[in-house]
Amino acid sequence: TAVAQDLQKDLEEVKELLTKATRKRLHDVLMTEKHKLELEIKNQPPPKPKDVAEEDKSLLGGYTVKINNYGWDQSDKFIKIYISLNGVQKLTAENVQVNFTERSFDVLVKNLNGKNYTMTFNNLLKPISVEGSSRKIKTDTVLVMCRKKREEKWECLTQVEKESKEKEKAAYDTSDPSEGLMNLLKKMYAEGDDEMKRTINKAWVESREKQSKGDIPMDI
């Protein structure tokens, strides 16, 4: 520690002065100081071993950012996820980690431009082979290669995506076109910002007014 280093320097200086001291009184004072310093150095706590988790934190650098910028593609054998990260090719291989399970994978990119980047995909649509999956580092891109257990086409990446697509399809797949339009408007209203909500409300009121005047027979 810094304290121990300072004490050591003081001790060396005292020893140096002792070689030059000719007066007994001065020699005795320096000897007392020497013993005092030696005792203090001896009683200094030993340096703490570096905690592994702490070391990991230092490797991790700054704060952690969730990766949202990615695209995906597939071949007969692989699902390929392309993650865009500027300068990622400059990192060492240890700083780009991908862990696979049969139905998930997670990515951790450590200390890229002072930040860490993470991404997790759970509930993959179909099982993947952990041993056959890997990652490649390219210019400004991490490519995650998930080896399919069965060579079949995936319509999306996760179960959640599939369920949400099916719900949307069911919402719009109706024999009554006005009902489909109602569902679409409800979805736009639920997901829209304040401006979108005001626009839909205005259109709603106007259509109601027209309907009451008999201009629109359709119930919207």
Side-chain angles (χ1 to χ4, degrees), residues 1-12 40-165 191 193:
T1 64
V3 177
Q5 283 172 349
D6 280 347
L7 288 170
Q8 193 61 45
K9 282 178 187 168
D10 288 349
L11 180 61
E12 279 162 21
E40 269 191 72
I41 290 167
K42 195 179 167 191
N43 290 335
Q44 278 293 302
K48 275 200 291 186
K50 222 180 179 192
D51 191 26
V52 176
E54 229 171 82
E55 210 166 282
D56 244 22
K57 276 182 203 162
S58 70
L59 261 178
L60 280 172
Y63 58 92
T64 300
V65 181
K66 202 173 169 189
I67 299 167
N68 292 314
N69 195 9
Y70 72 92
W72 73 283
D73 191 7
Q74 62 185 309
S75 63
D76 290 341
K77 293 180 179 174
F78 287 96
I79 291 289
K80 304 169 190 176
I81 295 97
Y82 299 87
I83 301 164
S84 300
L85 287 169
N86 283 341
V88 72
Q89 71 278 7
K90 295 172 191 162
L91 292 178
T92 60
E94 296 78 54
N95 276 22
V96 182
Q97 297 173 0
V98 182
N99 295 310
F100 299 94
T101 74
E102 195 176 69
R103 289 304 272 266
S104 76
F105 71 86
D106 62 79
V107 180
L108 172 61
V109 177
K110 295 191 280 192
N111 217 354
L112 175 61
N113 304 323
K115 295 177 199 165
N116 313 303
Y117 294 83
T118 80
M119 169 191 265
T120 303
F121 270 94
N122 291 317
N123 299 318
L124 290 171
L125 186 67
K126 298 173 194 284
I128 60 171
S129 157
V130 175
E131 303 78 36
S133 299
S134 61
R135 61 108 180 92
K136 291 178 181 173
I137 303 166
K138 297 174 173 286
T139 306
D140 299 334
T141 305
V142 176
L143 171 58
V144 179
M145 309 270 289
C146 299
R147 175 71 190 243
K148 296 175 180 178
K149 274 215 163 167
R150 291 173 63 183
E151 292 182 18
E152 52 191 356
K153 194 166 190 256
W154 292 27
E155 59 265 35
C156 51
L157 278 177
T158 63
Q159 278 294 134
V160 176
E161 270 181 84
K162 187 186 177 191
E163 283 161 23
S164 120
K165 274 186 182 177
E191 292 175 1
D193 56 14

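Within the model, atoms NZ of K77 and CZ of R147 stand 5.5 Å from one another, a figure rounded to the nearest 0.5 Å. Summarising the geometry, atom OG1 belonging to T158 is positioned 7.0 Å from atom CZ belonging to F121; distances are rounded to the nearest 0.5 Å. From I137, atom CD1 reaches atom OG1 of T92 across 8.0 Å, with rounding to the nearest 0.5 Å. Rounding to the nearest 0.5 angstrom, the gap separating the CD1 atom in I79 from the NZ atom in K153 is 9.5 Å. Distance CH2/W154 to CG/D73: 13.0 Å, rounded to 0.5 Å. The distance from the CG atom of N68 to the OG atom of S84 is 11.5 Å, given to the nearest 0.5 Å.
Closest non-hydrogen pair, Y70 versus M119, comes out as CD2-CE, 3.4 Å. Of all non-hydrogen atoms in L124 and S104, the two that sit nearest each other are CD1-N, 3.6 Å. Heavy atoms only, all atoms of each residue included: T101 and V130 are closest at C-CG2, 3.6 Å. The two residues C146 and I81 have their closest heavy-atom pair at SG-CD1, 4.1 Å. Nearest approach of S75 to K148, heavy atoms of both residues: O-NZ, 2.8 Å. Scanning both residues, I128 and S133, for their nearest heavy atoms gives CD1-OG, 4.0 Å.
R103 contributes no side-chain N or O that, together with a main-chain N or O of N123, makes up a donor-acceptor pair within less than 3.5 Å. Not one N or O on the side chain of D76 forms a donor-acceptor pair closer than 3.5 Å with the backbone of E151. A distance-only check finds no donor-acceptor pair linking the side chain of T118 to the backbone of L108 [under 3.5 Å]. No donor-acceptor pair closer than 3.5 Å links the side chain of K66 to the backbone N or O of T120. Judged purely by atom type and a 3.5 angstrom limit, R135 has no side-chain atom pairing as donor or acceptor with the backbone of M145. Proximity of a side-chain donor or acceptor of T141 to a complementary backbone N or O of T139 within less than 3.5 Å is detected.
For the pair L91 and V109, the minimum side-chain heavy-atom distance is below 4.5 Å. A 4.5 Å side-chain heavy-atom check between K165 and E155 finds every atom pair outside the cut-off. Taking the side chain as every heavy atom from C-beta outward, K126 and E152 approach each other to under 4.5 Å. Looking at heavy atoms from C-beta onward, L125 lies out of side-chain contact with E161 at the 4.5 angstrom threshold.
Only one option out of L112, D140, V96 pairs with L85 in a side chain to side chain contact (heavy atoms under 4.5 Å, CB included); it is L112.
Note on ring orientation: taking the six-membered ring where Trp is involved, the planes of F105 and F100 are tilted (angle from 30° to 60°).
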